[in-house]
Amino acid sequence: MNQKYEPLGVKPADILLPKDCDMSKWAVVACDQFTSQPEYWEEADRIAGDAPSTLRLILPESKLNDANVDEHIAGINRAMEDYLARDIFKTLEGSIIYIERTQSDGTVRPGLVAAVDLEKYDYTPGSGSLIRATEGTVLERIPPRVRVRKDAPIELPHVMLLIDDPQKICVEPITAAKDSMEVLYDFDLMLKGGHLKGWKLSSQQMDDLATALARLSSDKAMEEKYGLGGVPPLLFAVGDGNHSLATAKTCYENLKKTTPEDQWADLPARFALVEIENLHDDALKFEAIHRVVFGVEPEKLIAAFLDFYPNAHEGAGVGHTIAYTWAGGEGCLTVPNPRVQLPVGTLQNFLDAYLKEHGGEVDYIHGEGVTDELGRKPGNIGFKLPAMGKDQLFKTVIADGVLPRKTFSMGHAEDKRYYVEGRKIK
């Protein structure tokens, strides 16, 4: 491995790609999407059919609480072993892949697929690690995901990490050179996912990338961008898939307990495959993540909100305004002089307290239309939140710690990362 990568928390990886497969059937969207829309996953299953597909290697989170979830997980592990035994994969040794994703709106989002060192990732609020969570991690969500990963021989990434590179010295030089690079795949994604094309970086490009990343994590860069010299550098902020990365971290930490310390560096599970994107790319947009609460009496919930925030009132106003939809209509709630920075924090603090006392469940929804549709069903209420600007993300994480969980999403559900590449973790 290029030694320049060692202090950066990232490295080239032995990447698995399918060979002689229908890639449009192979690639499916991130498992944490469409959790309240089982018909989406049923259609994906119909499209994939009997062809090799990552759908057989992942567990959609809509099935995470199924009574037969252990059977699902065992089936996934068998499918992974079967694909390895059938020699479905080819291995790109010590590689980084440059990708371009054509999104549902026609814009092209560039990124890099590489492995990150989980020793340099910490999701604890206020962490000074090189790789940090941007939002609160729900610890209860990790154990069921650990059950999926702990015996799996392969990982498939939907984690997206962000770099704060306003001068565009990392990804963009590779974009400019793509016409001279080796094309690895080029295909349409199923179910309105757009298009995906991938190229392999040369040895020189990987070396240049390491140099650029080192510049981004220097004390000089921290001072110039944030006015914060002498602080632990933040090179990668998790943009999407934090719970998946936290699961990988947990599995690695569990493995360390039964492995001599001098062998930790050689554990495949020490690393996790991710996609890296520049926060400043024009195609990268932050979308709000809305909430739908299930199994409640909406009128009582609204009344409880107004009690929870005594200065709150119905209707729009100055402060944090949150729109809602339920079977009885729609409206909005305003909290003047809020105690937290973002409307999502105002809403989430209330929901956490209310659901703990009164029961009910909340789901995190991408798209206002789906939020309204689900919110109008009896026993539900949907809350729509404004999007957060991306310009303050890194500085806020450095100065204040993590944001409230599910504060933002990078793009619509259809634009989320599709599983394509893999890596052996055993």
Side-chain angles (χ1 to χ4, degrees), residues 24 27-44 47 54-55 58 60-62 99-111 113 134-135 156-162 187-197 237-244 274-292 322-325 342-344 347 362-376 380 382-391 393 403-420:
S24 292
V28 297
V29 79
C31 66
D32 58 349
Q33 301 304 303
F34 303 102
T35 54
S36 297
Q37 297 163 273
E39 63 276 7
Y40 177 93
W41 293 102
E42 291 167 3
E43 180 62 10
I47 292 170
T54 55
L55 183 61
I58 59 113
E61 293 196 1
S62 58
I99 65 172
E100 288 187 349
R101 171 71 176 278
T102 304
Q103 302 182 124
S104 55
D105 63 358
T107 58
V108 177
R109 186 184 77 213
V113 178
T134 53
E135 299 179 344
L156 299 157
H158 77 255
V159 176
M160 293 196 287
L161 300 185
L162 300 174
F187 64 98
D188 290 332
L189 297 161
M190 67 165 71
L191 294 171
K192 302 179 181 179
H195 191 88
L196 189 65
K197 188 171 182 177
V238 180
D240 222 352
N242 183 61
H243 287 92
S244 291
V274 302
E275 179 181 337
I276 299 164
E277 299 182 347
N278 185 6
L279 177 70
H280 297 275
D281 188 87
D282 292 339
L284 187 63
K285 295 181 172 59
F286 280 6
E287 305 282 349
I289 300 181
H290 309 297
R291 273 75 170 146
V292 174
I322 302 163
Y324 64 83
T325 303
L342 300 171
V344 62
L347 176 62
V362 64
D363 196 7
Y364 303 94
I365 305 296
H366 304 272
E368 291 189 358
V370 177
T371 303
D372 285 338
E373 179 184 348
L374 293 172
R376 290 191 187 101
N380 296 355
F383 291 98
K384 293 179 289 188
L385 292 158
M388 182 193 79
K390 63 183 183 180
D391 54 335
L393 176 65
L403 302 166
R405 68 182 181 274
K406 296 291 186 180
T407 293
F408 68 93
S409 170
M410 298 195 304
H412 299 295
E414 291 85 355
D415 296 326
K416 293 297 178 178
R417 188 164 216 288
Y418 273 56
Y419 300 109
V420 177

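Just so you know, residue 1 is the first one in the sequence shown, and it goes up from there.
- Using a 4.0 Å cut-off between a side-chain N of Lys or Arg and a carboxylate O of Asp or Glu, K416 and D240 qualify as a salt bridge.
- A 4.5 Å side-chain heavy-atom check between V29 and L191 finds every atom pair outside the cut-off.
- A413 approaches F34 most closely through the heavy-atom pair CB-CZ, 3.6 Å.
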Exercise for the section: May I have the step-by-step check of side-chain contact (heavy atoms from CB on, under 4.5 Å) for R291 and I289, ending in yes or no? Expected result: CA-CA 7 Å; R291 273 75 170 146; I289 300 181; 4.0 Å; yes
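- Contact record, P343 with I322: O-CD1, 3.9 Å, taken as the closest heavy-atom pair.
- Here CG of D281 is found 10.5 Å from CG of L162. Values are rounded to the nearest 0.5 Å.
- Remark: I58 CD1 to D32 CG distance equals 9.5 Å, nearest 0.5 Å.
- Residues that satisfy the side-chain contact (heavy atoms from CB on, under 4.5 Å) test with N242, not counting sequence neighbours, are Y121, Y123, A133, T137, V238.
- To the nearest 0.5 Å, atoms CG (L347) and CG (L342) are separated by 12.0 Å.
- Atom CD of Q103 is separated from atom CG of L196 by 11.0 Å, given to the nearest 0.5 angstrom.
- Checking side-chain atoms of R417 against main-chain N and O of P157 turns up a donor-acceptor pair under 3.5 Å.
- Between M388 and L403, some side-chain heavy-atom pair lies under the 4.5 Å cut-off.
- Of the possible polar contacts, none joining the K192 side chain to the L189 backbone as a donor-acceptor pair under 3.5 Å is found.
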Practice task
Apply side-chain contact (heavy atoms from CB on, under 4.5 Å) to the pair R109 and E275, showing each step before the final yes or no.
Solution key: CA-CA 11 Å; R109 186 184 77 213; E275 179 181 337; 4.2 Å; yes
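- Under the 4.5 Å side-chain criterion, counting only non-hydrogen atoms from C-beta, I99 is in contact with V113.
- Contact annotation: the side chain of E43 approaches that of I47 to within less than 4.5 Å [non-hydrogen atoms, C-beta and beyond].
- One finds the SG atom of C31 at 12.0 Å from the NE2 atom of H243 (value rounded to the nearest 0.5 Å).
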Handout entry: Worked check of side-chain contact (heavy atoms from CB on, under 4.5 Å) between T134 and T407
Key = CA-CA 9 Å; T134 53; T407 293; over 6 Å; no
Practice task
Begin with the C-alpha distance, continue with both residues' side-chain angles, and end with the deciding distance and a verdict on side-chain contact (heavy atoms from CB on, under 4.5 Å) for F286 and L279.
Solution key: CA-CA 10 Å; F286 280 6; L279 177 70; 3.8 Å; yes
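- Applying the side chain to side chain donor-acceptor pair (under 3.5 Å) rule to E100 yields the partners Y98, K178; only residues at least two apart in sequence or on another chain are considered.
- Side-chain contact between K384 and H290: present, with at least one pair of heavy atoms (C-beta onward) separated by less than 4.5 Å.
- F383 is not listed as a side-chain neighbour of T371, based on a closest heavy-atom distance of 4.5 Å or more.
- Closest non-hydrogen pair, E135 versus F408, comes out as OE2-N, 2.8 Å.
- Proximity of D415 to S104: side-chain heavy atoms (C-beta onward) are separated by under 4.5 Å at one or more points.
- The shortest heavy-atom contact between M190 and A27 is CE-O, 3.6 Å.
- No donor-acceptor pair closer than 3.5 Å links the side chain of T54 to the backbone N or O of V420.
- Taking CG of N380 as the reference point, atom CD of E373 lies at 11.0 Å (rounded to 0.5 Å).
- H412 NE2: 12 or fewer foreign heavy atoms inside a 6.0 Å radius.
- When only modelled atom types and interatomic distance are considered, D188 and S24 share no side-chain donor-acceptor pair under 3.5 Å.
- In terms of the side chain to side chain donor-acceptor pair (under 3.5 Å) criterion, residue partners of H158 (sequence neighbours excluded) are, by chain and number, S244, Y419.
- Inter-residue side-chain proximity for L374 and D363 is flagged as unmet; no heavy-atom pair is nearer than 4.5 Å.
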